[in-house]
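So you know, we letter chains A, B, ... as the sequences are listed, proteins then strands, and number each from 1.
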2 protein chains.
Amino acid sequence: MTPELQLDRQLCFALYAASRSMTQAYQPLLGELGLTYPQYLVLLVLWEQDGASVKQLGERLLLDSGTLTPLLKRLEAAGLLRRRRASDDERRVEVWLSDTGKALEEKAAAIPQAMRCRYGAEGREAESALLRQTLQQLTMLLQGKPG
Amino acid sequence: MTPELQLDRQLCFALYAASRSMTQAYQPLLGELGLTYPQYLVLLVLWEQDGASVKQLGERLLLDSGTLTPLLKRLEAAGLLRRRRASDDERRVEVWLSDTGKALEEKAAAIPQAMRCRYGAEGREAESALLRQTLQQLTMLLQGKPG
DNA sequence: GGAAATTAAATTGTACACAATTAAATATGC
DNA sequence: GCATATTTAATTGTGTACAATTTAATTTCC
């Protein structure tokens, strides 16, 4: 066995396992709101930036239209948002929150604190902020954007 | 906008983005071997532990049979491994590498170094080992296993 | 030793991811 | 001003993820 290929030495697998574990930990909380984890991410962007285009959502979340289009259709079917061709550029599709979608932000506001508790980050704000920044830098590197 | 809900402050999104970026960065290297990233992870386990059961693979990779069964069938169809009911317990399915599957380890041996170069980890072994350990601890926490 | 509980995979159904292609709208260059 | 290139979404097809159910084999417990 090549030592370099040991699973437990792979940063990539540590990332993959942590990311999926985190998503799983969110699931019970998001389930109460009727959301999946990627749907929650889309709403996080829209609560900051209502009316964002599919392209803008994709840039923030690093997702393409092949993922976003069906996801947005499901959120539209759930009544949380509406999709609209922009009048000044018919190629663009703008995504606007409905009142229900806007109102959901209040319920979601409790989630971050609940999760910090869940993964033992309470009282370790500095440590988890550092981890977050390290991951953000790594993402920029992997995306080929000079950091 | 609730400040706590800002996308760029979410550890969960930093993880999600980094994990997918890492998988994307592996893709060109794995593509040459005809593998997807999860398939590569399965092979990492088998190169360490040939003959592992589906359950054992699932425990190492945190995946269930719903994911593994079709993935293993594809690797079997590609001629890299064979699945066999264990004779001492017919519930268990053992996964054994073919000669082709075993031989692939040599080609894969170049991947870790190529990737370290790719994400700027050269000469920063300590830093990336620390990140890996932090992520492994976080995963254990999220999986509810006392760390 | 046989019913009930447990375990291991497979199956079913839904929802991402993402590469590759298509289609429509806008921008560009000559 | 018009052909060409670019941009933006949608579509198509493959491969995960994962919850929930099913099936078959083994344990457990009386």
Original post:
Relative to the ring of B/Y40, is the ring of B/Y26 parallel (under 30°), tilted (30 to 60°) or perpendicular (over 60°)?
Top reply: tilted
**OP:** Provide, to the nearest angstrom, the distance between the CZ atom belonging to A/R85 and the C1' atom belonging to C/dA24.
**Re:** 8 Å
**OP:** Give a yes/no answer on whether the side chain of A/K73 brings an N or O atom under 4.0 Å of OP1 or OP2 in C/dT14.
**Re:** no
**OP:** Identify, between B/S65 and A/L71, the residue whose nearest nucleotide on DNA chain C lies closer to the 5' end.
**Re:** B/S65
Original post:
Rounded to the Å, how far apart are A/L68 CG and D/dA9 C1'?
Top reply: 10 Å
Original post:
Out of D/dC18, C/dC18, D/dA10, which has the shortest distance to the side chain of B/R20?
Top reply: C/dC18
Subject >> Under-3.5 Å donor-acceptor pair between A/T36 side chain and C/dA15 base >> reply: no
Original post:
What orientation do A/Y16 and B/Y37 show, parallel under 30°, tilted 30 to 60°, or perpendicular over 60°?
Top reply: perpendicular
Subject >> Check: A/R91 side chain, D/dT7 base, donor-acceptor under 3.5 Å >> reply: yes
Original post:
the helix from C/dG1-D/dC30 to C/dC30-D/dG1: angle between its terminal axes, five pairs each, to 10°?
Top reply: 20°
Original post:
Do A/E90 and A/R85 meet the salt-bridge criterion of a basic N to acidic O distance under 4.0 Å?
Top reply: no
Original post:
What integer distance in Å separates A/R92:CZ from C/dA24:C1'?
Top reply: 15 Å
**OP:** Using a cut-off of strictly less than 4.0 Å, decide whether B/Q27 has a side-chain nitrogen or oxygen near OP1 or OP2 of C/dA17.
**Re:** no
Subject >> Interatomic distance where CD belongs to B/E90 and P belongs to C/dA10 [whole Å] >> reply: 13 Å
Original post:
Do the charged groups of A/R92 and A/D88 touch, with an N to O distance under 4.0 Å?
Top reply: yes
Original post:
Do A/L72 and A/V93 have side-chain heavy atoms sitting under 4.5 Å apart?
Top reply: no
**OP:** Would you check, one step at a time, whether the test salt bridge (charged side-chain N to carboxylate O under 4.0 Å, His left out) holds for B/E4 with A/R116?
**Re:** CA-CA 11 Å; B/E4 298 239 299; A/R116 272 193 296 277; 3.1 Å; yes
Subject >> Working for salt bridge (charged side-chain N to carboxylate O under 4.0 Å, His left out), residues A/E48 and A/R60 >> reply: CA-CA 11 Å; A/E48 279 182 43; A/R60 289 299 298 280; 3.5 Å; yes
Original post:
From the list D/dT16, D/dA10, D/dA25, which nucleotide is the closest neighbour of the side chain of B/T67?
Top reply: D/dT16
Original post:
Is the closest side-chain donor-acceptor distance between B/S21 and A/Q143 under 3.5 Å?
Top reply: yes
Subject >> Separation of atom CZ in B/F13 from atom P in C/dA17, rounded to whole Å >> reply: 11 Å
**OP:** Please determine if a side-chain N or O atom of B/Y16 lies less than 4.0 Å away from the OP1 or OP2 oxygen of C/dA17.
**Re:** yes
**OP:** Please report, rounded to the nearest Å, how far the P atom of D/dA17 is from the CG atom of B/L62.
**Re:** 12 Å
Subject >> Earlier contact from the 5' end, DNA chain D, for B/P70 and B/D88 >> reply: B/P70
Subject >> 5′-ward residue of the pair B/S87/B/G66 relative to DNA chain D >> reply: B/G66
**OP:** Using atom CG of B/D64 as one end and atom C1' of D/dA19 as the other, report the distance to the nearest whole Å.
**Re:** 8 Å
Original post:
Choosing from C/dC18, C/dA15, C/dA9, which nucleotide comes nearest the side chain of B/S53?
Top reply: C/dA9
Original post:
Starting at the 5' end of DNA chain C, which residue's closest nucleotide do you reach first, A/D89 or A/P38?
Top reply: A/P38
**OP:** Would you indicate, yes or no, if D/dT16 has its OP1 or OP2 atom less than 4.0 angstrom from a side-chain nitrogen or oxygen of B/R74?
**Re:** yes
Subject >> d(CZ, B/R83; P, C/dA8) in whole Å >> reply: 17 Å
